S.K.: 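Shown below is the structure under consideration.
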Amino acid sequence: MSFYWTELNTRYPDSAKLFYSATMGWTFRQAGEAADYWLVFKDEKVVGGLYHMRDAEFDGVPEHWFSYVEVDDVDVACATAVAAGGSVLRKPTFIPHVGRIAILSDPAGSPIGCISPEPSVAEIAA
């Protein structure tokens with residue numbers, strides 16, 4: 001398993017895009033029809049994502065960077081995490097053109113995402 005994807009979760013995507021464009025040289029492209037998500041590019045290579053935290057489910061959640069680890073099977077990763085004393089914060093979900101994701105927590109409460117990417121997505125991110 002290795003880190004596969006990272007994304008900024010923010011309430012202020014326009015300000016974040018200006019900041020990271022100026023400081024890191026990144027550019028941003030809206031991800032298809034997803035009004036809340038942008039792909040982050042450095043020199044035309046996808047390097048991450050930016051998510052607009054506008055829904056009520058994010059009330060009280062601070063803005064943050066979040067990482068996903070690539071796993072062979074998200075469901076197995078969830079079961080293994082629970083058996084090891086962790087928990088599943090977001091049940092496995094399939095996202096078209098992305099793959100299957102879940103969000104886990106270690107026993108101390110630290111969250112981490114896991115993803116089994118669709119083959120076409122894995123080729124783009126490589």
Side-chain angles (χ1 to χ4, degrees):
M1 289 189 263
S2 61
F3 283 96
Y4 179 81
W5 190 253
T6 191
E7 62 191 18
L8 175 62
N9 291 263
T10 180
R11 289 179 180 79
Y12 307 100
D14 292 336
S15 296
K17 288 186 285 183
L18 287 171
F19 175 81
Y20 288 105
S21 179
T23 61
M24 304 291 179
W26 294 347
T27 59
F28 303 85
R29 293 184 201 150
Q30 197 162 3
E33 296 180 21
D36 292 341
Y37 204 87
W38 292 264
L39 296 174
V40 179
F41 290 82
K42 176 65 176 173
D43 300 327
E44 295 303 311
K45 181 181 181 205
V46 177
V47 295
L50 186 148
Y51 178 72
H52 187 182
M53 298 173 27
R54 67 170 84 221
D55 297 330
E57 70 180 297
F58 296 107
D59 288 351
V61 176
E63 296 183 44
H64 60 281
W65 280 96
F66 191 77
S67 297
Y68 289 83
V69 172
E70 183 176 7
V71 299
D72 292 331
D73 187 316
V74 168
D75 296 282
V76 170
C78 289
T80 303
V82 170
S87 60
V88 177
L89 301 177
R90 180 171 288 168
K91 293 179 182 178
T93 304
F94 179 75
I95 300 176
H97 311 293
V98 172
R100 192 159 168 79
I101 68 167
I103 299 177
L104 310 175
S105 173
D106 69 18
S110 298
I112 190 163
C114 61
I115 182 170
S116 295
E118 286 190 348
S120 61
V121 175
E123 293 167 11
I124 291 170

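Nothing fancy with the numbering, it's 1 onward along the sequence. Since the structure is predicted, the reported quantities are computational estimates derived from the model, not experimental observations.
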S.K.: Examine F58 together with Y51 and report whether their ring centres are nearer than 6.0 Å.
M.R.: yes
S.K.: Would a single hydrophobic cluster contain both F94 and V69, if residues Ile, Leu, Val, Met, Phe, Trp and Tyr are joined by side-chain heavy-atom contacts under 4.5 Å?
M.R.: no
S.K.: Please report the shortest heavy-atom distance between W5 and V46, naming the atom on each side.
M.R.: CH2-CG1, 3.4 Å
S.K.: Do Y37 and Q30 have side chains that approach each other closer than 4.5 Å (heavy atoms only, starting at C-beta)?
M.R.: no
S.K.: Using modelled atom types only, decide if a donor and an acceptor are shared between the side chain of T10 and the backbone of H52 within a distance under 3.5 Å.
M.R.: no
S.K.: Rounded to the nearest 0.5 Å, what's the gap from CG on D73 to SG on C114? Could you check?
M.R.: 9.0 Å
S.K.: Under 6.0 Å between ring centres, would you say that holds for F3 and W65?
M.R.: no
S.K.: From N9 CG over to H64 NE2, what is the distance, rounded to the nearest 0.5 angstrom?
M.R.: 4.0 Å
S.K.: Donor-acceptor pairs under 3.5 Å, side chain of residues 98-110 to any protein atom, not counting sequence neighbours: which ones?
M.R.:
residue, atom, partner, partner atom, Å
R100, NE, D75, OD2, 3.0
R100, NH2, D75, OD1, 3.0
R100, NH2, D75, OD2, 3.2
D106, OD1, A108, N, 2.9
D106, OD1, G109, N, 2.9
D106, OD1, S110, N, 2.9

S.K.: Given side chain to side chain donor-acceptor pair (under 3.5 Å), test E63 with Y12 step by step and report yes or no.
M.R.: CA-CA 9 Å; E63 296 183 44; Y12 307 100; 5.3 Å; no
S.K.: Begin from the C-alpha positions of W38 and R29 and carry the test side chain to side chain contact (heavy atoms under 4.5 Å, CB included) through to its verdict.
M.R.: CA-CA 5 Å; W38 292 264; R29 293 184 201 150; over 6 Å; no
S.K.: Got a second to check how far I115's CD1 is from S67's OG, nearest 0.5 Å?
M.R.: 12.0 Å
S.K.: Could you measure the distance from the OH atom of Y68 to the OG atom of S116? Nearest 0.5 Å is fine.
M.R.: 12.5 Å
S.K.: Could you state whether L89 and Y4 fall into the same hydrophobic cluster, counting links through intermediate Ile, Leu, Val, Met, Phe, Trp or Tyr residues with side-chain heavy atoms under 4.5 angstrom apart?
M.R.: yes
S.K.: Is there a side-chain contact between M24 and F19 (heavy atoms, below 4.5 Å)?
M.R.: no
S.K.: I'd like to check P117 versus E70 (side-chain heavy atoms, cut-off strictly below 4.5 Å). Are they in contact?
M.R.: yes
S.K.: Considering residues, nucleotides and ligands other than D59, do more than 12 of their heavy atoms fall under 6.0 Å from its CG?
M.R.: yes
S.K.: Tell me which one of V40, L50, T27, L8 satisfies side chain to side chain contact (heavy atoms under 4.5 Å, CB included) with Y20.
M.R.: L8
S.K.: Testing the basics here: between E118 and H97, what is the closest heavy-atom pair and its distance to 0.1 Å?
M.R.: OE1-CA, 3.2 Å
S.K.: Filter on salt bridge (Lys or Arg N to Asp or Glu O under 4.0 Å), then keep only pairs touching residues 80-92, sequence neighbours left out; what's left?
M.R.: E57-R90
S.K.: Do W26 and D43 touch side chain to side chain, with heavy atoms closer than 4.5 Å?
M.R.: no
